[in-house]
Each structure stands twice: as structure tokens, then as C-alpha cells.
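Structure first, then comments.
Please read all numbers here as calculations on a predicted model, not as lab measurements.
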Amino acid sequence: MKTVRVVVVGAGVIGFSTAVCVAEALPFCSVTVLAEKFSPDTTSDGAAGILFAAQFPDISVERQRRWFKDSFDHLRAIAQSQQSPEAGVMMSSGYQIFKDVPADPKPYWSDLVIGFRLMTDRELERFPGYKFGQAFTTVKCECSSYLPWLEKRFRKAGGKVQQRKVSSLHDLSDSYDLIINCSGLGSRTLTDDPQVYPVRGQVLKVEAPWLQHFIRDGDGKTYIYPGIHGVTVGGTRQEDDWRLEVDDGDTRSILERCSRLEPSLSRARVLSKWVGLRPGRRNPRLERELVQPRGRKVPVVHNYGHGGWGVTLAWGSALDALGLVRQCLHEMPPQAKL
């Protein structure tokens with residue numbers, strides 16, 4: 001069998017996770033990552049990167065559990081290895097708190113994280129106005145370290161990297177035998193998918209080494225995540241908002257909200273401010289199709305639209321995408337493989 005030329009479009013956490021899975025599992029594939037932006041300039045770079053998830057409405061819970069478990073187990077193994085500091089992956093314990101009891105007090109991933117339990121009344125006393133909470137240990141993944149670490153792993157597996165803007169997937173069909181589309185928000189134009197929309201997120205990094213536990217408001221808009229290099233505080237979830245500039249009003253709002261949950265934050269020094277556009281979609285798109293731009297059928301595997309849960313689901317989604325790649329290769333006509 002000759003080398004199968006595979007291209008992965010997108011160099012965020014979904015793209016590089018998928019590229020690593022394919023390059024390591026299928027050594028007869030020559031895998032290239034193509035993207036306009038690489039770390040530290042991807043949307044993934046600013047992600048808080050803490051593992052838990054909302055439930056997507058139209059994907060089976062069984063499949064979502066598999067994505068979560070595969071990602072959690074993969075990152076937990078890194079967190080508990082010598083690679084942890086270089087990869088930017090660590091274990092993190094803390095609280096998710098709610099003003100009212102949520103519809104689903106035990107989410108689908110509650111038995112996949114470590115030590116999940118409901119908070120006691122004594123613990124909730126610390127958060128006036130909050131009636132319900134969950135305590136657990138999960139994994140935190142800082143993509144500004146994790147993406148370069150993944151790229152190094154990808155290159156070690158023989159992968160190639162090329163920086164350029166991709167204007168059309170059809171343009172790649174002459175140079176590659178199989179296309180994997182992990183272009184996130186870019187899929188709105190690349191695949192003409194109006195279901196993808198921006199969800200603007202603004203976060204700050206502050207210096208507060210005394211904070212050891214994460215705190216997240218269950219509405220998803222206010223959170224405090226201690227990490228290896230500072231504490232990430234946020235945030236915003238502004239749908240269909242394309243602004244990439246830092247908004248001073250959002251900065252003030254984030255600091256006020258987070259200081260209500262953790263008063264000592266009012267003494268923390270702001271280290272940096274960041275804005276990114278998450279690729280929102282009702283459900284992630286993880287499927288394959290055949291395109292025939294110039295009479296030659298080329299399989300495309302899509303893996304995008306994870307919204308704010310890209311880091312949480314990246315490795316599990318990548319393994320799913322690898323399964324779809326295997327199916328495509330199995331169905332390729334013999335002459336394509338000779």
C-alpha cells in the first residue's frame with residue numbers, strides 16, 4: 001500500500017488531537033496539519049480548559065460519555081506523568097454552585113470525574129444566595145502549553161505542519177487523498193454551514209497563587225480556575241458577537257462577579273486579557289461525506305462545532321474521527337491505495 005495523503009484543516013485543540021490520533025494509529029498515512037493560525041494565536045489558546053460539559057441535545061448520551069471518558073482518561077494520564085508541567089495538564093478540585101437546584105443534579109459525566117458529590121450546607125454557607133452545589137476533582141488543560149506539546153508529539157509521529165489560509169476544501173482535493181475538517185468557526189464558510197456561530201468569550205488571567213480550588217457558577221458565565229501559570233477568571237457567553245477586542249465593561253463585570261464569589265480576588269493583579277470566538281453549534285458535527293469537486297471522489301471527515309467544550313471533548317472526538325478515517329480508507333477503491 002502506498003502512502004495515503006491526509007490533511008487536517010485547523011490547528012486548535014480539535015485539529016491537533018485528531019492529527020496525533022491519525023498519525024500515531026495509521027503510520028501508512030502521511031498527515032499534514034494546515035492552518036492559518038497556530039498556537040499561541042488559536043481560539044483554543046485562551047480556553048480555560050477545565051473538564052466538564054453541558055449535554056448536547058441530539059447526540060446520544062452514550063456517545064457523549066465516550067467522548068468525555070476518553071478525553072478525561074487521556075489527560076489524567078498526562079497529569080499524573082512526568083510530562084505534566086510541559087504539557088500544561090494538572091488535576092484540579094473545586095465547586096460548581098447553583099442559585100437553584102438544576103434540572104439534572106447529577107450530570108452524565110458525574111461518575112467519570114473523581115469523587116463527585118453534592119456539597120454540604122456547611123460548604124454552601126461560603127456562597128450566599130446559592131442553594132445547591134457539586135464538588136469534584138477533574139483535569140485542567142492549559143492549551144498555551146498543551147498545543148505546542150501536542151505539535152511536538154505529532155511531528156515525532158512523522159506529521160508535517162504548514163501555515164496557510166485554506167479558502168476551500170475542494171482546493172485540497174488534488175493534493176490529498178483524505179481531508180479532515182477541524183476548522184471550528186471557519187467551517188461556517190469552508191463548508192457553508194450556517195449552523196455554526198460565534199460565541200464570544202472574554203477571560204482574564206490574574207496573579208492569585210493563594211487560590212487552590214476552582215469555583216464555577218452553574219450558569220457558566222462566572223468562574224475562577226487556578227492553573228499552572230496564574231488564575232483564569234471569566235467570563236462571557238455572547239452569541240453571534242464577532243468582536244475580538246477586549247471590552248473594558250466586560251473586564252469590570254468579570255472582576256466584580258468573581259470577587260463576589262472569592263473576595264480576595266479584589267487584591268489580585270491582572271496579568272492579561274483575552275478574547276476568543278468559540279465555534280457554537282447545536283451539536284458538534286462529527287461525520288463523513290464524499291466530495292467530488294473535479295470528478296475525483298475525496299472523503300471528508302468533519303470534526304467541529306464543540307462550542308465551549310472543545311478541550312473537554314477533543315481526545316474523545318479525535319478517536320471517533322479516527323474511526324471514520326478508518327472507514328473511509330476501507331472503502332477507498334484499490335487504485336487509490338496502490
Under 3.5 Å side-chain donor-acceptor pair for T42 and D45 = yes
So, N303 and T18: side-chain donor and acceptor under 3.5 Å apart, yes or no?
-> yes
Answer yes or no: is there a side-chain heavy-atom contact under 4.5 Å between V206 and T232?
-> no
Closest non-hydrogen atom pair between C258 and G234, with its separation = SG-O, 3.4 Å
Using only heavy-atom distances, determine whether the side chains of K160 and S30 contain a donor-acceptor pair under 3.5 Å.
-> yes
Should the pair D219-R237 be classified as a salt bridge under the 4.0 Å nitrogen-to-oxygen rule?
-> no
Going by an N to O cut-off under 4.0 Å, is there a salt bridge joining R285 and E287?
-> yes
E86/K152 ion pair, N-O < 4.0 Å = yes
Evaluate the ring planes of Y304 and H302, with Trp represented by its six-membered ring, and classify them as parallel (under 30°), tilted (30 to 60°) or perpendicular (over 60°).
-> perpendicular
Side chains of R288 and Q327: is there a donor and an acceptor less than 3.5 Å apart?
-> yes
Atom CZ of R267 with >12 non-hydrogen neighbours under 6.0 angstrom | no
Q202 side chain to R200 side chain, donor-acceptor N/O pair below 3.5 angstrom | yes
Enter the distance from W67:CH2 to T312:OG1 here, rounded to the nearest 0.5 Å.
-> 12.5 Å
Do Q162 side-chain atoms and T32 backbone N/O form a donor-acceptor pair below 3.5 Å?
-> no
When you check the gap from the basic side-chain N to the acidic O, do R188 and D193 get nearer than 4.0 Å?
-> no
Are any of the side-chain heavy atoms of F132 and D100 separated by less than 4.5 Å?
-> no
Residue pair A11 / F16: nearest heavy atoms and the distance that separates them = O-CD1, 3.4 Å
Does D121 CG have over 12 foreign heavy atoms under 6.0 Å away?
-> no
Non-hydrogen side-chain atoms of Q96 and Y223 separated by less than 4.5 Å = no
How far apart are the closest heavy atoms of G316 and S71, and which atoms are they?
-> N-OG, 2.9 Å
Within a strict 4.5 Å, meaning less than it, do heavy atoms of the V233 and T222 side chains meet?
-> no
When rounded to the nearest 0.5 angstrom, what is the spacing between NZ in K297 and OG in S173?
-> 14.0 Å
The residue among V166, V161, V8, I179 that forms side-chain contact (heavy atoms from CB on, under 4.5 Å) with L34 is V166
Heavy-atom check, side chain of H306 versus side chain of S317, under 4.5 Å | yes
Might you confirm whether atom CD of Q292 has over 12 heavy atoms from other residues, nucleotides or ligands at distances under 6.0 Å?
-> yes
Find out whether I224 and L265 are in side-chain contact, i.e. whether some heavy atom of one side chain is under 4.5 Å from a heavy atom of the other.
-> yes
Return the minimal non-hydrogen interatomic distance between P105 and Q134, and the atom names on each side.
-> O-NE2, 2.8 Å
Any chain of hydrophobic side-chain contacts (each under 4.5 Å) joining L75 to M91?
-> yes
Exercise: identify the closest heavy-atom pair between L277 and T43 | O-CG2, 3.4 Å
Is the number of heavy atoms from other residues, nucleotides or ligands within 6.0 Å of CG (D192) greater than 12?
-> no
Residue that, paired with I97, satisfies side-chain contact (heavy atoms from CB on, under 4.5 Å) out of R216, E123, M119, R126 | M119
V301-M332 co-clustered via ILVMFWY side chain contacts under 4.5 Å = yes
Give, for atom CD of E36 and atom OG of S167, the distance between the pair rounded to the nearest 0.5 Å.
-> 8.5 Å
Can you find a heavy atom in the side chain of S253 that is under 4.5 Å from one in the side chain of R257?
-> yes
Identify the two heavy atoms, one from C328 and one from L178, that lie closest to each other, and give their separation to 0.1 Å.
-> CB-CD1, 3.6 Å
Is a side-chain donor-acceptor pair under 3.5 Å present for N283 with Q195?
-> no
Could you label the plane-to-plane angle of the W315 and H74 rings as parallel, tilted or perpendicular, counting under 30° as parallel and over 60° as perpendicular?
-> parallel
Among side-chain atoms of S187 and N181, is any donor-acceptor pair under 3.5 angstrom?
-> yes
Salt bridge or not for K106 and D111, using N-O below 4.0 Å?
-> no
Are any side-chain N or O atoms of T189 and backbone N or O atoms of G186, one a donor and one an acceptor, separated by less than 3.5 Å?
-> yes
Electrostatic pair R155:E151 at N-O distance under 4.0 angstrom | yes
Could you check if a side-chain atom of I50 sits within less than 4.5 angstrom of a side-chain atom of T138, using non-hydrogen atoms only?
-> yes
Is the shortest distance from a Lys or Arg side-chain nitrogen in D247 or R243 to a carboxylate oxygen in the other one below 4.0 Å?
-> yes
Please, which pairs that meet ring pair (Phe, Tyr, Trp, His ring centres under 6.0 Å) have at least one residue in residues 192-222, sequence neighbours excluded?
-> F136-F214
Judged by modelled atom types alone, do Q83 and W149 share a side-chain donor-acceptor pair under 3.5 Å?
-> yes
Note: R65-D70 ion pair, threshold 4.0 Å (strictly below) = no
When rounded to the nearest 0.5 Å, the distance separating SG of C141 from CG of L150 is 7.5 Å
Among C143, S39, S17, find the residue that satisfies the side-chain contact (heavy atoms from CB on, under 4.5 Å) test when tested with S44.
-> C143
Run the numbers on D248 and R252 for salt bridge (charged side-chain N to carboxylate O under 4.0 Å, His left out), then give the verdict.
-> CA-CA 6 Å; D248 292 339; R252 286 192 296 273; 5.3 Å; no
Does D217 pair with K99 as a salt bridge, N-O distance under 4.0 Å?
-> yes
